[in-house]
There are 2 protein chains.
Amino acid sequence: MHISTVSRTFSAPHLVNVETRSRVLACAEQLGYRPNRAARALITGRTCNIGLIVADIANPFFPPLIKAAEAQARRHDNHIFVADTNEDAIVEEELVRALAKQVDGVLLCSPRMSNSLIEQLSREVPLVVVNRQITGLPAVVMDVAQGARLAMEHLIGLGHRRIALAAGPRGSWTSKEIRRAAMLAVRGPGRELVITGPNAPTENGGLAVADQIQKSGATAVLAYNDLMAIGLIEGLHTRGIRVPQDISIVGIDDITLSRLTRPKLTTVATPTAAAGRAAVDMLLAYGDDRRTTALINLQTELVIRDSTAPLSSQGSGAAPAVTPSTTETPS
Amino acid sequence: MHISTVSRTFSAPHLVNVETRSRVLACAEQLGYRPNRAARALITGRTCNIGLIVADIANPFFPPLIKAAEAQARRHDNHIFVADTNEDAIVEEELVRALAKQVDGVLLCSPRMSNSLIEQLSREVPLVVVNRQITGLPAVVMDVAQGARLAMEHLIGLGHRRIALAAGPRGSWTSKEIRRAAMLAVRGPGRELVITGPNAPTENGGLAVADQIQKSGATAVLAYNDLMAIGLIEGLHTRGIRVPQDISIVGIDDITLSRLTRPKLTTVATPTAAAGRAAVDMLLAYGDDRRTTALINLQTELVIRDSTAPLSSQGSGAAPAVTPSTTETPS
DNA sequence: ATGAAAGCGCTAACAT
DNA sequence: ATGTTAGCGCTTTCAT
């Protein structure tokens, strides 16, 4: 029994006699033998590894995506390299190049690079982009534009007329989409959209815009993501502005946290786990017909909780609640 | 200029003429050439990859650890495979074996396997264990025993006498440590420790014990982690029991979330990022002298926030607050 | 159905 | 300081 038979037993079992096969398997079992995938990759060109590059592992938006992608990859006997760019476009590029040789493809989540750079990199290694749409590249996006529209319609329906948008970081496709959709949705007589940003997509980013929001006189805010929304609520709280009594806040993402804060956050739910799975599937399907540059657009939905309220029950906007209309008794 | 010179330029630059070296580097730059690390690993035996196995990526305890480990690994030009066991010991074993050949070592975070299995696996691939102490194996642990003691002393200092412990999952070393320390700390005249569990280390796990906690008559609870503590607060809330007025709750971990819930959670802060870094350093130092099985024990500290209060200001324990002593006026 | 041999991209002796 | 050679563990023709 010789080495190539062993190889066939693992990579093309049907080519080997049933009996020999089981003999090989028995030996392997006993010796704890497993084919070395790196060596195999050297000749087959397939590493069975996937790179997953995210902007910030600790941002609660990503872990569900990473978890789902990892599970899906493993279902197809692939493993996942995870890397964190710290929201830095330079690191991002370097990371793709560094991983290129040891993976079959890279999942680029919420990239901050330029389109042209991404296109260039996609010539060096198969790329699937998540949360961004680039002509000619396979992508998985979540329909945040629709989500932003729903959020704005919700706020308008509640009577709000002056609405603020706390935009996301520079280079974020998602932020641009939200901005575009928000402008469209708010457009109308007597309505106004105030845009602040760019902001860091974090709690601190939200804290930092509280001041501008207060001054803007907006009675409602759509934030780039839940983390910012939560920071913003904190910031407004310390300024004596109550949510939702004085101002309504809507987030985006529906991270686990948003069900647990007080008030519970009204938000646009994005299907992050589904996105992770879809991205992996897309990458693994790359080989089958590589010219098809698919685009998967996942639906979002508005989850109404406690951080939004009708304008009528509110004070006169983001100014501290010392106006006549706010003569409430403590309850 | 020949192939081995190119190789040397990258792996032993000092052995090649300065001029030739820069010529090689220039060419490489122009062609976008990078040494294939898988091929290199085949001969050197070093993959420059590290496996990181966690119980649940989506559990907010892990992302800061993963992020720190990834950053530290990259600082040493290593990459990280991340895998998720879903709290399943079987998956855990399979994962270690599957990764063994393509990494220089594996970081096993909060493993649920038996000690003997872990010892066996450590003979197949260098292992560093996080959040668990196994004689003879390099480990990074956080001193949760000390943390649990601090938490209990805090509660006792507040006048609590009947204290509950909401234990963690079966197989968790951390849970055992906490239990041991809690029993020691609570021991004393007129004091009693009520233990419930094992429980899932999640919000749902906390929700699920709310009932037992209520019936236990405890006036304070130490939970296995913040997630459980938060779930427990929710569960108690729906039963009309207020935290901290009716019952005090302490969590463990100090995840980001615990600063953002209402009430803000009193908790034991565990240095997860430091643990991630330390574990990577330990693994990379493995080669230097492999017999040294170090143990790093990181300090924890108590962070007092709003979920704990003196017994005197509380109702008569976990029973609904309809006792005479709770005749408070709304404020 | 199995064996023999070449070669994936690289490094590490060993020459020169 | 550079070239030559063998071989890491595997897969894949090509023979048999």
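Naming: A, B, ... by sequence-line order, numbering from 1 per chain. Only this structure's heavy atoms are used, side chains among them; waters, hydrogens and symmetry mates stay out.
The aromatic rings of B/H79 and A/F81 sit perpendicular to each other, their planes meeting at more than 60°, with 30° as the lower class boundary.
Remark: B/A278 pairs with B/V140, B/I296 by the side chain to side chain contact (heavy atoms under 4.5 Å, CB included) rule, at least two apart or across chains. In terms of the side chain to side chain contact (heavy atoms under 4.5 Å, CB included) criterion, residue partners of A/R34 (sequence neighbours excluded) are, by chain and number, B/E94, B/R97, B/A98, B/K101.
A/C109 has its side chain out of reach of A/N131: every pair of non-hydrogen atoms, C-beta onward, lies at least 4.5 Å apart. With a 4.5 Å cut-off on side-chain heavy atoms, B/T174 and B/Y224 count as touching.
Summarising the geometry, the separation between NE2 on B/H2 and C1' on D/dT5 is reported as 14 Å, rounded to the nearest angstrom. One can place CG of A/L15 at 18 Å from P of D/dC10, the figure rounded to the nearest angstrom. Atom pair B/Q102:CD and D/dC10:C1' shows a separation of 14 Å (rounding to whole Å applied).
Ranked by how close their nearest DNA chain D nucleotide is to the 5' end, B/R21 and A/A38 are led by B/R21. Comparing A/L42 and A/T20, the nucleotide of DNA chain C nearest to each residue sits closer to the 5' end for A/T20.
The pair B/R123-B/E119 does not meet the salt-bridge criterion, since no charged nitrogen lies less than 4.0 angstrom from a carboxylate oxygen. For B/D281 and B/R75, the salt-bridge test fails: no basic side-chain N is under 4.0 Å from an acidic carboxylate O.
Closest approach of A/L99 to A/G51, counting heavy atoms only: CD1-CA, 4.2 Å.
Across all strands, B/R34 comes closer than 4.0 Å only to sugar-phosphate atoms, never to a base (heavy-atom distances).
Listed by first and then second residue, the ring-ring contact (aromatic ring centres under 6.0 Å, His included) pairs that reach into residues 8-59 of chain A are A/F10-A/Y33, sequence neighbours excluded.
Of the candidates B/K67, B/R74, B/Q72, B/R74 is the only one forming a side chain to side chain donor-acceptor pair (under 3.5 Å) with B/E70.
Judged by distance alone, the side chains of B/T47 and B/D104 do bring a donor and an acceptor atom under 3.5 Å apart.
End-to-end axis angle of the helix from C/dA1-D/dT16 to C/dT16-D/dA1, using five pairs per end and rounding to 10°, comes to 40°.
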Checklist outcome for this item: Heavy-atom contacts, protein to nucleotides 11-16 of chain D, under 4.0 Å, summarised as B (base), S (sugar-phosphate only) or - (none) per nt, yield BBB---
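Taking a heavy-atom distance under 4.0 Å as the criterion, the stretch of DNA chain C touched by chain A extends 5' to 3' from C/dA1 to C/dG9.
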